[in-house]
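My questions all concern the structure below.
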Amino acid sequence: MAVMKAAVEVNGRAYRWAENPVVVVCVDGCEPEYVTRAVEGGAAAWLGDVVAKGTALEVDAVVPTFTNPNNLSIVTGVPPSVHGICGNYFYDREADVEVMMNDPKYLRADTILAAFARAGASLAVVTAKDKLRRLLGHGMRGICFSSEQADRTTRAEHGLDDALGLVGRPLPSVYSAALSEFVFAAGVRLMESVRPDIMYLSTTDYVQHKHAPGTPEANAFYQMMDGYLAQLHALGATVALTADHGMNAKTDAAGAPAVVYLQDRLDNWLGAGRARVILPITDPYVVHHGALGSFATVYLPAGADAGTVGRRLAALPGVEVVLERAAACARFELPPDRMGDLVVISARHVVLGTAVARHDLSGLDAPLRSHGGLSEQRVPLLVNRRTADLPAGARLRNFDVFDIALNRVAS
Ligand SMILES: [Zn+2]
């Protein structure tokens with residue numbers, strides 16, 4: 001009987017076994033207002049019930065408020081200073097290359113998912129984009145696949161042979177709301193068939209990048225999600241939902257992207273190409289945000305004074321805060337060896353770029369919405385059960401979601 005098993009220890013935290021299946025959902029880009037507006041608009045009856053009768057919290061995501069650092073924090077239960085994934089993209093100082101941080105070799109911590117699988121639990125992970133799959137599934141025995149590549153699953157690599165057949169839906173486009181719907185549909189089908197002990201579902205923020213809370217398109221997305229979550233609830237699962245980051249409009253009064261181009265500024269001040277600006281939002285799917293987010297890290301040339309350059313950057317209109325490496329890593333719990341000399345965060349409605357010439361904004365077919373900064377740190381944490389023993393006065397994080405779902409659900 002599962003409930004009799006010893007707690008599973010991961011990264012200094014202990015997680016109990018649950019009697020019912022536990023589904024943790026990371027809704028990409030879920031600014032809290034998406035949920036409240038969908039509920040108010042009558043589009044999300046199940047979520048409305050959860051807010052009224054279950055557990056409804058607002059918690060802090062990890063800064064930088066990007067997808068990979070937060071998904072990995074959620075599945076490890078610890079911040080990037082421990083697990084190492086501090087962006088989608090970074091400058092590998094040792095190798096002197098700028099690379100994607102998708103490879104599990106960059107992951108420095110065990111995941112709750114892998115640890116439960118080793119302890120004998122059945123696990124299922126479904127992500128929208130394939131970029132997250134290998135990180136989330138690292139070391140984990142069980143089912144793990146992405147919507148994006150659901151047409152090529154094999155038992156050896158993904159824990160099941162025919163994901164498309166299981167879900168019974170066509171392969172969705174990587175730029176579509178259907179990519180996330182496929183994740184939820186797969187979750188329901190897996191719960192009906194395999195009934196895993198623990199399931200992790202992670203969507204994509206395609207809709208949130210384009211549509212503000214309360215718009216018909218946003219409400220339609222939350223209505224879709226609400227229907228699947230209600231099915232997981234009806235199947236007896238504990239469903240805990242949180243987000244990797246919020247989302248804000250990043251435009252000026254005329255609706256054009258509000259961008260501070262850091263590389264252009266630094267080239268003027270220090271000489272062309274002497275400083276290196278890294279935008280950790282960068283990934284292979286930049287069409288909907290043009291690689292523009294509200295967080296950047298800057299590597300300065302030898303001899304440049306970080307304090308002086310930092311003060312000049314902080315004085316630029318639209319820049320919210322500039323910190324030197326040690327202070328930034330202490331405040332945001334980041335790995336110092338993977339951050340530059342300075343961390344720059346822009347204001348709520350402003351993004352940071354490198355050079356004008358390096359951003360292709362031609363794919364933006366809607367006013368820019370993005371994330372990455374302090375202004376996207378507040379996210380919902382909802383559970384379809386009442387909870388007890390939440391630490392009073394403690395700052396709750398999105399990466400407490402497994403602790404809350406496994407350890408703090410009231411019986
Ligand atoms: Zn995201």
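Just follow the structure's listing: the first ligand is 1, and inside any ligand the first atom is 1. Basis for what follows: all heavy atoms, side chains included, without hydrogens, waters or symmetry-related copies.
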Aromatic plane relationship, His371 with His245 - under 30° parallel, 30 to 60° tilted, over 60° perpendicular: parallel
N/O/S atom of His371 inside 2.8 Å of the Zn ion (ligand 1), strictly under: no
Minimum-distance N/O/S atom that Asp244 presents toward the Zn ion (ligand 1): OD2
Side chains of Val321 and Leu374 in contact at under 4.5 Å (non-hydrogen atoms): yes
N, O or S from Thr67 under 2.8 Å to the Zn ion (ligand 1): yes
Distance-minimising heavy-atom pair for Leu364 and Gly290: CD2-N, 4.4 Å
Atom of Asp28 nearest the Zn ion (ligand 1) (restricted to N/O/S, atom name only): OD1
Stacked cation flag Arg276 on Tyr91, 6.0 angstrom / 45 deg: yes
